[in-house]
Amino acid sequence: MPMTLRTAQDQDATVAVAIGDSARAAEWQAALIDAAPDFTIVRAEAMAAPAVADFAVVWRAPLGMLSRFPRLKAVLSLGAGVDGILSNRELEPGVPVVRMVDEALTQGMVEYVLWHVLRYQRRAPELLAAQRRQEWLPIAAPLASERCVGVMGLGVLGEAAARRLTAIGFRVKGWSRTPRQLDGIETFSGTTGLAGFLGGVEILICFLPLTPETENILAAPLFAALAPGAFLINAARGEHLVEADLLEALAAGRLAGATLDAFRTEPLPADHPFWKHPAITVTPHVASLTRAASGARHLAAEMRRILAGEAPLHAARRDRGY
Ligand code: NDP
Ligand code: OXD
């Protein structure tokens, strides 16, 4: 649902927002008015002259959207992942893309991760299945310090999750593209570091951006390199996962369970096998939602920086794809 935002500032910025969800469009419009009271906010579809737009604020930038705005100073993302924007062939080469970085988004993701990691560590799936059978099953759960959690992607979200998991006692390993050093976390990087990272991991969490290098990474060879009976949590993108390989690894017992928040097709089709699989938990891309109030403050601050001739704080790098 597109809308526009017009400022009364010297440069008279106009921003087009498209998120494809009218309820959230109204919420974002209100939040942007609060965050930038000196801006005038208008729905884009009501714009008489889209050619004057300085900024586009979008979720996945539907085709036909960006091409309506030929004079953009930047495209700002409503989500942390910018794959849906960077892959848009209507994005002009010199136009910066700004990522969503927001404390509330990070906190929400950390809570999602704690929920599922603790669920697996405390053997909740087995206990709940026993309850359904009315079976008293006094199984012991290992302590966090006896569990090894692997975090793929040590960016804004992965680092925050890895630190919190370390703080509550888990043994945490992390993997990134370039070398990172994080207190109390064993870190690995690049393709050469992948095997060392995966070895011994009992709960694997994916926080990678979707790029040509990371697409289909959650596949049979990777599952085989984890500790036998490991769990997978994919809070990144559906395209990271080879779905057939997951089903096969679960059937063979190489993986014990998976929690999936993002899918190749969203909403997940009604007849998809993941819905009813006893070892798969499906959540509908809600691991962490961008909060409009704090997200709009971030957007307003980045737009003001650009209007003032400064570089945005959280620009995606097109050369690396995230
Ligand atoms: P960042 O860009 O901050 O971090 C990305 C991390 O992945 C970096 O550590 C980066 O390495 C690493 N990385 C990138 N490419 C590779 C590679 N080829 N090999 C190894 N590591 C790699 O992203 P965020 O933490 O903000 O977000 C991560 C993803 O989470 C988003 O792209 C999005 O897909 C997903 N997401 C999902 C949400 C949901 O509700 N399900 C909500 C928000 C985000 P380096 O440090 O070297 O750059
Ligand atoms: C995402 C988000 O990138 O929701 O998936 O922020």
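No experiment lies behind these values; they were computed from the predicted model shown. First listed ligand is number 1; within each ligand, the first listed atom is number 1.
Under the 4.5 Å side-chain contact rule for hydrophobic residues, Met65 and Val82 share a cluster. Connection of Val113 to Val172 is established within a shared hydrophobic cluster, with ILVMFWY side chains joined at heavy-atom distances below 4.5 Å, either directly or through further cluster members. Linking Ile, Leu, Val, Met, Phe, Trp and Tyr whenever their side-chain heavy atoms come within less than 4.5 Å leaves Phe188 and Val149 in two separate clusters.
Looking only at protein heavy atoms, the nearest one to atom 3 (O) of ligand 2 is Gly81 N, 2.8 Å. Here the heavy atom of the protein found nearest to atom 6 (O) of ligand 2 is Ala80 N, 2.8 Å. Among all protein heavy atoms, the one lying closest to atom 4 (O) of ligand 2 is His285 NE2, 3.6 Å. The shortest contact between atom 21 (N) of ligand 1 and any protein heavy atom is with Arg177 N, 2.9 Å. The shortest contact between atom 12 (C) of ligand 1 and any protein heavy atom is with Gly153 CA, 3.9 Å. For atom 38 (C) of ligand 1, the closest heavy atom belonging to the protein is Met109 CE, 3.4 Å.
Annotation: side chain of Glu159 is not in contact with side chain of Ile185 (no heavy-atom distance under 4.5 Å). Counting heavy atoms from C-beta outward, Arg291 and Leu289 have side chains that approach closer than 4.5 Å. Side-chain contact between Arg164 and Gln107: present, with at least one pair of heavy atoms (C-beta onward) separated by less than 4.5 Å.
Under 4.0 Å from ligand 1, heavy atoms of Val156 appear from its side chain as well as its backbone. No part of Ala262 comes within 4.0 Å of ligand 1, judged by heavy-atom distances. Proximity of Tyr322 to ligand 1, defined as any heavy-atom pair under 4.0 Å, is confined to the side chain (atoms from C-beta onward). At a heavy-atom cutoff of 4.0 Å, ligand 1 is contacted by the side chain of Arg99 but not by its backbone. Neither the backbone nor the side chain of Leu210 comes within contact range of ligand 1; no heavy atom lies under 4.0 Å. Looking at Glu159 against ligand 1, nothing comes within 4.0 Å, counting heavy atoms. Residue contacts with ligand 2, taken as heavy atom pairs separated by less than 4.0 Å, do not involve Met100 at all.
The environment of CG in Asp319 is crowded: more than 12 heavy-atom neighbours from other residues, nucleotides or ligands sit within 6.0 Å. Crowding of Arg89 atom CZ: a count of heavy atoms from other residues, nucleotides or ligands under 6.0 Å not exceeding 12. Gln181 CD: 12 or fewer foreign heavy atoms inside a 6.0 Å radius. Counting non-hydrogen atoms of neighbouring residues, nucleotides and ligands closer than 6.0 angstrom, the CD atom of Glu126 exceeds 12 such neighbours. Applying the 6.0 Å contact sphere to CD of Glu146 captures more than 12 heavy atoms from other residues, nucleotides or ligands. Counting non-hydrogen atoms of neighbouring residues, nucleotides and ligands closer than 6.0 angstrom, the CZ atom of Arg305 exceeds 12 such neighbours. Within 6.0 Å of the CZ atom in Arg122, the count of heavy atoms belonging to other residues, nucleotides or ligands does not exceed 12.
Near Thr178, meaning under 4.0 Å from any of its heavy atoms, are these atoms of ligand 1: 45 (P), 47 (O). Against a heavy-atom cut-off of under 4.0 Å, Gly81 is close to the following atoms of ligand 1: 31 (C), 32 (O), 33 (C). Of all atoms in ligand 1, listed by their number and element, those nearer than 4.0 Å to a heavy atom of Phe207 are 28 (C), 29 (C). Interface of Gly79 with ligand 2, defined as ligand atoms under 4.0 Å from a residue heavy atom, comprises 2 (C), 3 (O), 6 (O). When each atom of ligand 1 is checked for a heavy atom of Asp261 under 4.0 Å away, the hits are 39 (C), 40 (O), 41 (N). Within ligand 1, the atoms closer than 4.0 Å to a non-hydrogen atom of Ala235 are 35 (C), 36 (N), 37 (C), 38 (C), 39 (C), 41 (N), numbered from 1 in the order shown. Proximity to Glu213 (heavy-atom distance under 4.0 Å) selects the following atoms of ligand 1: 18 (N). Near His285, meaning under 4.0 Å from one of its heavy atoms, ligand 1 places the atoms 39 (C), 40 (O), 41 (N).
Side chains of Tyr322 and Thr214: no donor on one and acceptor on the other come within 3.5 Å.
Polar contact check, Arg180 against ligand 1: no nitrogen or oxygen pair lies under 3.5 Å apart. Here's the thing with Val286: none of its N/O atoms is less than 3.5 angstrom from an N/O atom of ligand 1. Backbone and side-chain nitrogen or oxygen atoms of Leu105 are examined, and none is located within less than 3.5 angstrom of a nitrogen or oxygen of ligand 1. In terms of polar-atom proximity, Leu154 is counted as a contact of ligand 1, with an N or O under 3.5 Å from an N or O of the ligand. Any N or O atom pair closer than 3.5 Å counts here, and Leu157 shares at least one such pair with ligand 1. Of the polar atoms of Thr211, none of the N or O atoms is found under 3.5 Å from an N or O of ligand 1, judged by distance alone. Residue Trp175 has no nitrogen or oxygen atom sitting less than 3.5 Å from a nitrogen or oxygen atom of ligand 1, judged on distance alone.
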Go through the steps to decide whether Arg119 and Thr281 satisfy the test side chain to side chain donor-acceptor pair (under 3.5 Å), and finish with yes or no.
CA-CA 11 Å; Arg119 201 163 61 83; Thr281 300; 3.0 Å; yes
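For the pair Ser288 and ligand 1, a heavy-atom separation below 4.0 Å is found. Not a single heavy atom of Met152 sits closer than 4.0 Å to an atom of ligand 1. Note on ligand 1: Leu208 sits in its first shell, one or more heavy atoms being nearer than 4.0 Å.
Comparing Pro212, Gly174, Pro209, Gly190 by heavy-atom distance to atom 32 (O) of ligand 1, the nearest is Pro209. Checking Gly155, Ala316, Gly238, Ala161 against atom 4 (O) of ligand 1, the nearest heavy atom belongs to Gly155.
Proximity of the aromatic rings of Tyr120 and His116 is defined here by a centroid distance below 6.0 angstrom, and this criterion is not met.
Between Phe197 and Trp175, the ring planes are parallel. Angles under 30° get that label, and only those over 60° would be called perpendicular.
Here the CG-CD1 distance, from Leu232 to Ile280, works out to 9.0 Å after rounding to the nearest 0.5 Å. Taking CD of Glu90 as the reference point, atom CD1 of Ile85 lies at 12.5 Å (rounded to 0.5 Å).
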